[in-house]
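Contents: one structure, followed by commentary.
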2 protein chains.
Amino acid sequence: MPLHLRAGQALELLRSIALAEVRDDAPDLSLRQMAILLTIYLDPPPHTVRGLAAKLNVTKPVVTRALDTMGAKKLVSRHRDERDRRNVLVKRTLEGALYVERLGDVVIARGGELPL
Amino acid sequence: MPLHLRAGQALELLRSIALAEVRDDAPDLSLRQMAILLTIYLDPPPHTVRGLAAKLNVTKPVVTRALDTMGAKKLVSRHRDERDRRNVLVKRTLEGALYVERLGDVVIARGGELPL
DNA sequence: CTGTTTCGTTTCGGTACCGTATCATTCAAA
DNA sequence: TTTGAATGATACGGTACCGAAACGAAACAG
């Protein structure tokens, strides 16, 4: 059964998500970083810096910096493309998959608490 | 794998929200700021710096800085409490209400696909 | 080879944020 | 009236981020 959210419920869901991220000591990503991370984990590979920048409508340095930060947190990894060594291929990691999975759980859990 | 499907849709919802915020030239708030803003607009007043800090489990300077930033963007306003001049009362603005309403629209637009 | 284009990265100046600690103002109790 | 507590703002050192520009490496075209 599809959920038909009313405005107040939609905003409560959004606040629950934001709150869960704020309260936890989980790696708190900016919205940009979250959009990049979710794209990597939801869209089929391969993912390149340029491709991600174009898809999200941000500049390349933004992607590079986001990959720096999330790479330090082991949420993604970078590898040179051996077929075209100009390219960098962005790949998923176990830690990143767990983080994304937990993120989905938060949405589902909080969504389930909404009064319908 | 029905569980996987539901998780995937929850994450798509989350990505849609993040993407909408990234692509627009809308004031891009951090998750902390968003949690503060939504609390102001969803919970009944009055809202004080200390109260918000306690409710969100963050320090007072975090709230002060968030109010600085969002105040500059006219999303909230601050007023001294005349009954106890130590307090600062945080109030809603027209611009803030419009921003929050738009935020709810984004969730609703994508939320119909989220099964619960 | 020698440009030229395409990558991703780095640099630059500037802004915003963090947590801790401290501040001035205000109120309230001794 | 003086002392203490409470509130919100600010100083500090550090980190991360932004857009624009310049950069080196790699691929490509002639």
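Basis for what follows: all heavy atoms, side chains included, without hydrogens, waters or symmetry-related copies. Naming convention: chains lettered A, B, ... in sequence-line order (proteins, then strands); numbering from 1 in each chain.
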Exercise for review: Calculate the interatomic distance between Leu31(A) atom CG and dC18(D) atom P; express it in whole Å.
Suggested key: 12 Å

Practice item. Rounded to the nearest angstrom, tell me the gap between atom CZ in Arg83(B) and atom P in dA28(C). Key: 11 Å

Check your understanding: Which nucleotide, dA16(D), dG8(D), dG8(C), lies nearest any side-chain atom of Asn87(B)?
Key -> dG8(D)

Check your understanding: Which part of the nucleic acid, if any, lies within reach of Ser30(B) when heavy atoms closer than 4.0 Å are counted: base, sugar-phosphate only, or nothing?
Key -> nothing

Point to revise | Distance, rounded to the nearest Å, where Lys73(B) contributes NZ and dC17(C) contributes C1' | key: 12 Å

Review point. Whole Å only: how far is the CD atom of Glu82(B) from the P atom of dT26(C)?
Key: 10 Å

Review point. Would Leu98(B) and Glu101(B) count as a side chain to side chain contact (heavy atoms under 4.5 Å, CB included) if you check the C-alpha gap in whole Å, the side-chain angles of each, and the deciding distance to 0.1 Å?
Key: CA-CA 5 Å; Leu98(B) 291 175; Glu101(B) 185 181 348; 4.1 Å; yes

Revision key, fill the gap. When Thr93(B), Val100(B), Leu67(B), Leu75(B) are each screened for side-chain contact (heavy atoms from CB on, under 4.5 Å) with Ile40(B), the one that passes is Leu67(B)

Review point. Pick the nucleotide of DNA chain D nearest each of Asp81(A) and Ala66(A); which residue has the one closer to the 5' end?
Key: Ala66(A)

**Study point:** Atom-to-atom span, CG of Leu89(A) to P of dA26(D) - whole angstrom
**Key:** 15 Å

Review point. Does any non-hydrogen side-chain atom of Arg83(B) lie less than 4.5 Å from one of Leu89(B)?
Key: no

Exercise for review: Rounded to the nearest 0.5 Å, what's the gap from CG on Leu19(A) to CE on Met34(B)? Could you check?
Suggested key: 11.5 Å

Practice item. Report the end-to-end axis angle of the helix from dC1(C)-dG30(D) to dA30(C)-dT1(D); each axis comes from five terminal pairs, and the value is rounded to 10°. Key: 0°

Review point. Could you give the distance from CG (Leu29(B)) to CD1 (Ile36(B)), rounded to the nearest 0.5 Å?
Key: 10.0 Å

Review point. For the side chain of Gln33(B) and the backbone of Ser30(B), is there at least one donor-acceptor N/O pair under 3.5 Å apart?
Key: yes

Exercise for review: Verify the contact: side-chain N or O of Arg85(B) to OP1 or OP2 of dT25(C), cut-off strictly under 4.0 Å; return yes or no.
Suggested key: no

Atom pairs under 3.5 Å: protein N/O with N/O of nucleotides 19-23 of chain D:
from    : atom 1 : to       : atom 2 : distance (Å)
dG19(D) : OP1    : Arg32(A) : NH2    : 3.3
dG19(D) : N7     : Arg65(A) : NH2    : 3.4
dG19(D) : O6     : Arg65(A) : NH1    : 3.3

Below 3.5 Å is the cut-off: list the nitrogen or oxygen pairs between protein and nucleotides 28-30 of chain D, distance only.
none

Practice item. Round to the nearest Å and state the distance from Arg50(A) atom CZ to dA27(D) atom P. Key: 17 Å

Review point. Could you give the distance from CZ (Arg15(B)) to CG (Asp43(A)), rounded to the nearest 0.5 Å?
Key: 4.0 Å

Review point. Is there side-chain contact between Leu14(A) and Val106(B), with at least one heavy-atom pair below 4.5 Å?
Key: no

**Study point:** Heavy-atom pair of closest approach, residues Arg92(B) and Pro44(B)
**Key:** NH2-CA, 4.4 Å

**Study point:** Whole angstrom value for the distance that separates C1' of dC7(C) from NE2 of His47(A)
**Key:** 18 Å

Practice item. Kindly indicate whether the side chain of Leu103(A), heavy atoms from C-beta on, has any atom under 4.5 Å from the side chain of Glu21(A). Key: yes

**Study point:** Approximate separation, where rounding is to 0.5 Å, of Arg80(A) CZ and Asn87(A) CG
**Key:** 8.0 Å

Review point. Out of His79(A), Met70(A), His47(A), which one pairs with Val90(A) under the side-chain contact (heavy atoms from CB on, under 4.5 Å) rule?
Key: His47(A)

**Study point:** Arg78(B) side-chain N/O to dA9(D) phosphate OP1/OP2 under 4.0 Å
**Key:** yes

Check your understanding: Within less than 4.0 Å of OP1 or OP2 of dA16(C), is there a side-chain N or O belonging to Gln33(B)?
Key -> no

Review point. Looking at Thr64(B), does any N or O in its side chain come under 4.0 Å of the phosphate oxygens OP1/OP2 on dG8(D)?
Key: no

**Study point:** Euclidean distance, atom CG of residue Leu67(B) to atom P of dT7(D) [Å, nearest integer]
**Key:** 16 Å

